[in-house]
Amino acid sequence: MPLNRCSTFSDGLTIIMKQTCLYKAPFGNITLVFEHGELIALNLHGDLAHAPYPLPDEWQQRLDNYFSGRLKNFGHPISRQGTPFQQKVWQAIAEIPAGEVMSYQDIARKIGSGPRAVGGACGKNPLALVVPCHRVVAKGGLGGFSSGKNTDEALAVKRWLLHHEGIDFA
DNA sequence: GACGAAAGTGTGG
DNA sequence: CCACACTTTCGTC
């Protein structure tokens, strides 16, 4: 997906504006994508070359507070996009208190579904940190993360985040 | 215990 | 309908 682009469609009326910003987190870079001034995605990786927009103060401070431990939950609404089921999963995840974890099955039972379906929805969560899918772990240990490549590094980030919130995993 | 297979749910082709 | 997913459980060895 192209970033930082204003697209004009053939009807000349529809315009999509995406602004991608960079934040330097302790474990690496984070990119935040804003569309029409609204945060629509937060990714746990990225580089400056693809995120030239300045980060809004509001989010700069929120992230600063989160990484310094003063802020635990962002209190930001979950992504409006996604299927109804995904919304339910994300909502349930967003309600997990900081410092606690739930298994995929816990989430599944909470919303009357199955663990694998929950995992699938987690993988599609566009708002990392805001919707703390890193607090969802497998039953016998740390589950997966980032649904694809960089699994090693992504898992390291998941561990980092959990540890940051006071949870240690073997 | 460890390992493989199947279960069961939602999504995409 | 089929294959897949950030899983879990069950049956064997």
Side-chain angles (χ1 to χ4, degrees), chain A residues 1-3 7 9 14 16 18 20 22-33 35 38-47 50-51 59 62-63 66-67 69 71-170:
Chain A
M1 167 186 5
L3 306 170
S7 305
F9 288 84
T14 308
I16 295 178
K18 282 187 180 172
T20 306
L22 188 77
Y23 180 89
K24 290 178 174 50
F27 55 79
N29 289 332
I30 289 176
T31 48
L32 298 88
V33 183
E35 184 171 307
E38 200 172 346
L39 179 71
I40 61 161
L42 195 163
N43 302 306
L44 266 31
H45 52 79
D47 62 275
H50 293 131
W59 281 97
R62 275 190 194 175
L63 290 168
Y66 175 80
F67 286 113
L71 177 70
K72 289 300 186 186
N73 291 297
F74 288 89
H76 188 269
I78 64 176
S79 175
R80 191 179 40 67
Q81 47 188 26
T83 68
F85 172 76
Q86 285 162 358
Q87 306 249 353
K88 278 202 295 189
V89 174
W90 299 337
Q91 185 59 52
I93 294 174
E95 288 169 4
I96 302 177
E100 291 184 27
V101 294
M102 282 194 186
S103 72
Y104 292 97
Q105 190 180 59
D106 288 338
I107 302 290
R109 283 211 313 185
K110 188 179 170 68
I111 64 177
S113 177
R116 300 192 71 177
V118 172
C122 281
K124 284 190 176 176
N125 168 35
L127 294 171
L129 291 188
V130 174
V131 175
C133 50
H134 57 274
R135 288 179 199 149
V136 184
V137 298
K139 206 175 183 184
L142 186 76
F145 205 51
S146 191
S147 173
K149 49 192 286 187
N150 286 357
T151 302
D152 288 343
E153 233 176 286
L155 282 177
V157 174
K158 184 172 183 175
R159 273 204 174 83
W160 192 98
L161 291 170
L162 288 173
H163 185 264
H164 176 63
E165 297 178 355
I167 303 163
D168 251 332
F169 266 83

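So that the names make sense, note that chain A is the first sequence line, chain B the second, and so on, each numbered from 1.
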Rounding to an integer number of Å, can you tell me how far [X] [atom1] sits from [N] [atom2]?
| X | N | atom1 | atom2 | result |
| --- | --- | --- | --- | --- |
| A/Arg109 | B/dG10 | CZ | P | 16 Å |
| A/Asn125 | B/dG10 | CG | P | 18 Å |
| A/Phe145 | C/dT7 | CZ | C1' | 16 Å |

May I ask you to list the residues of residues 96-108 of chain A, by number, that have any heavy atom positioned under 4.0 Å from an atom of DNA chain C?
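Hits under 4.0 Å, by residue number: A/Ser103, A/Tyr104, A/Gln105.
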
What integer number of Å spans the P atoms of B/dA2 and C/dC6?
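Straight-line distance between the two P atoms is 25 Å.
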
Taking only side-chain N and O atoms of A/Lys139, does any of them lie within less than 4.0 angstrom of OP1 or OP2 on C/dT9?
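It does, given that an N or O in the side chain of A/Lys139 lies less than 4.0 Å from OP1 or OP2 of C/dT9.
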
Over all heavy atoms of both residues, which pair between [X] and [Y] is shortest? Give the atoms and the distance, please.
| X | Y | value |
| --- | --- | --- |
| A/Pro77 | A/Val130 | O-CG1, 4.5 Å |
| A/Leu155 | A/Gly143 | CD2-O, 3.4 Å |
| A/Cys122 | A/Tyr104 | SG-CE2, 4.0 Å |
| A/Asn29 | A/Asp47 | ND2-CA, 4.2 Å |

With the threshold set at under 4.0 Å for non-hydrogen atoms, list the residues of residues 72-95 of chain A touching DNA chain B in residue-number order.
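Heavy-atom cutoff 4.0 Å gives A/Thr83, A/Phe85, A/Gln86.
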
What pairs with A/Thr31 under side chain to side chain contact (heavy atoms under 4.5 Å, CB included), at least two apart in sequence or on another chain?
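A/Thr20, A/Leu22, A/Asn43, A/Ala51.
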
Going by the rule side chain to side chain contact (heavy atoms under 4.5 Å, CB included), which residues pair with A/Leu44 if we only count those two or more places apart in sequence or in a different chain?
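Checked A/Leu44 against side chain to side chain contact (heavy atoms under 4.5 Å, CB included); matches are A/Phe27, A/Leu42, A/Ala128, A/Leu129, A/Phe145, A/Val157, A/Leu161.
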
Report the distance from atom CZ of A/Phe74 to atom NZ of A/Lys72, rounding to the nearest 0.5 Å.
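Rounded to the nearest 0.5 Å, the CZ-NZ separation comes to 10.5 Å.
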
Using 0.5 Å steps for rounding, measure from the CZ atom of A/Arg159 to the CG atom of A/Asp168.
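If we round to the nearest 0.5 Å, A/Arg159:CZ and A/Asp168:CG are 10.0 Å apart.
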
Partners of A/Arg62 by side-chain hydrogen bond (donor to acceptor under 3.5 Å, both in side chains), sequence neighbours excluded?
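Expected list: A/Glu58.
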
Would you mind listing every side-chain hydrogen bond (donor to acceptor under 3.5 Å, both in side chains) that reaches into residues 126-144 of chain A, with sequence neighbours excluded?
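Residue pairs with at least one partner in residues 126-144 of chain A: A/Asn73-A/Arg135, A/His134-A/Glu165, A/Arg135-A/Glu165.
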
Stepwise, does the side-chain contact (heavy atoms from CB on, under 4.5 Å) test hold for A/Trp59 with A/Ile30?
CA-CA 12 Å; A/Trp59 281 97; A/Ile30 289 176; over 6 Å; no

Could you please name the option among B/dT11, C/dC6, B/dT9 that lies closest to any side-chain atom of A/Cys122?
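Minimum distance to the A/Cys122 side chain belongs to C/dC6.
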
Let's see if you can work this out: which of C/dT8, C/dC6, B/dG12 has an atom nearest to the side-chain heavy atoms of A/Lys158?
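In terms of side-chain proximity for A/Lys158, the closest of C/dT8, C/dC6, B/dG12 is C/dC6.
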
Give each protein N/O atom lying under 3.5 Å from an N/O atom of nucleotides 1-5 of chain C, with the pair distance.
{"unit_1": "C/dA5", "atom_1": "N7", "unit_2": "A/Arg116", "atom_2": "NH2", "d": "2.5"}

Holding to ring-ring contact (aromatic ring centres under 6.0 Å, His included), I want the full list of residues that pass it with A/His164, two or more places apart in sequence or in another chain.
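If we apply the ring-ring contact (aromatic ring centres under 6.0 Å, His included) test to A/His164, skipping adjacent residues, the hits are A/Tyr66, A/Trp160.
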
DNA chain C base-pair string [pairs: Watson-Crick or G-U under 3.5 Å; |: paired with another strand]:
|||||.|||||||

Of A/Val101, A/Ile107, A/Asp106, the residue whose pairing with A/Ile96 passes side-chain contact (heavy atoms from CB on, under 4.5 Å):
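One option only clears the test, and that one is A/Ile107.
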
What's A/Gly123 touching, base or sugar-phosphate or nothing? Going by heavy atoms closer than 4.0 Å.
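Result for A/Gly123 = base.
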
List the atom pairs, donor and acceptor, that lie under 3.5 Å between side-chain atoms in residues 84-93 of chain A and the rest of the protein, sequence neighbours left out.
{"unit_1": "A/Gln86", "atom_1": "OE1", "unit_2": "A/Thr83", "atom_2": "N", "d": "2.9"}
{"unit_1": "A/Gln87", "atom_1": "NE2", "unit_2": "A/Arg80", "atom_2": "O", "d": "2.8"}
{"unit_1": "A/Gln87", "atom_1": "NE2", "unit_2": "A/Gln81", "atom_2": "O", "d": "3.2"}
{"unit_1": "A/Trp90", "atom_1": "NE1", "unit_2": "A/Ala121", "atom_2": "O", "d": "3.1"}
{"unit_1": "A/Gln91", "atom_1": "NE2", "unit_2": "A/Glu95", "atom_2": "OE2", "d": "3.4"}

Side chains of A/Leu162 and A/Val137: closer than 4.5 Å at any heavy-atom pair?
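Contact flag for A/Leu162/A/Val137 side chains = yes.
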
Residue list, salt bridge (charged side-chain N to carboxylate O under 4.0 Å, His left out) with A/Glu100, at least two apart or on another chain
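Residues passing salt bridge (charged side-chain N to carboxylate O under 4.0 Å, His left out) with A/Glu100: none at all.
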
Under 3.5 Å, which protein N or O atoms sit close to an N or O of nucleotides 10-13 of chain C? Give each pair with its distance.
none

